[in-house]
Amino acid sequence: MAKKRSFLDTPGYLAFLAVVAFWAAASSGSPLYVRVLAGTTAAFAAGHLTVFLIRRRRDSRTVANGS
């Protein structure tokens, strides 16, 4: 039986988090410290999403090759 994943572990949530954080970082109405923290969060979310998608693609190729 497959383990049920939380929505917080999905690539869709990571993409949503990155978009919201980039939006907050680009908002000129936010104080500087909020924009810096939002930019940092967006960069980490985008990086984590990229690594996640690369690993998933590599794993699917491994399964398809029968290894």
Please report the closest heavy-atom contact between [X] and [Y], naming both atoms and the distance.
X     : Y     : result
Ala18 : Ala46 : CB-N, 4.2 Å
Arg35 : Ala24 : CG-O, 3.8 Å
Leu53 : Pro11 : CD2-CB, 4.3 Å

My understanding is that only one of Phe16, Phe22, Trp23 makes a side-chain contact (heavy atoms from CB on, under 4.5 Å) with Val20; could you say which?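 Among Phe16, Phe22, Trp23, the one that satisfies the side-chain contact (heavy atoms from CB on, under 4.5 Å) with Val20 is Phe16.
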Quick one: pull up CG in Leu14 and OG1 in Thr50 and give me the separation to the nearest 0.5 Å.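 OG1 of Thr50 is found 9.5 Å from CG of Leu14.
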Counting only heavy atoms from other residues, nucleotides and ligands, does the tally under 6.0 Å from CZ of Phe44 exceed 12? no
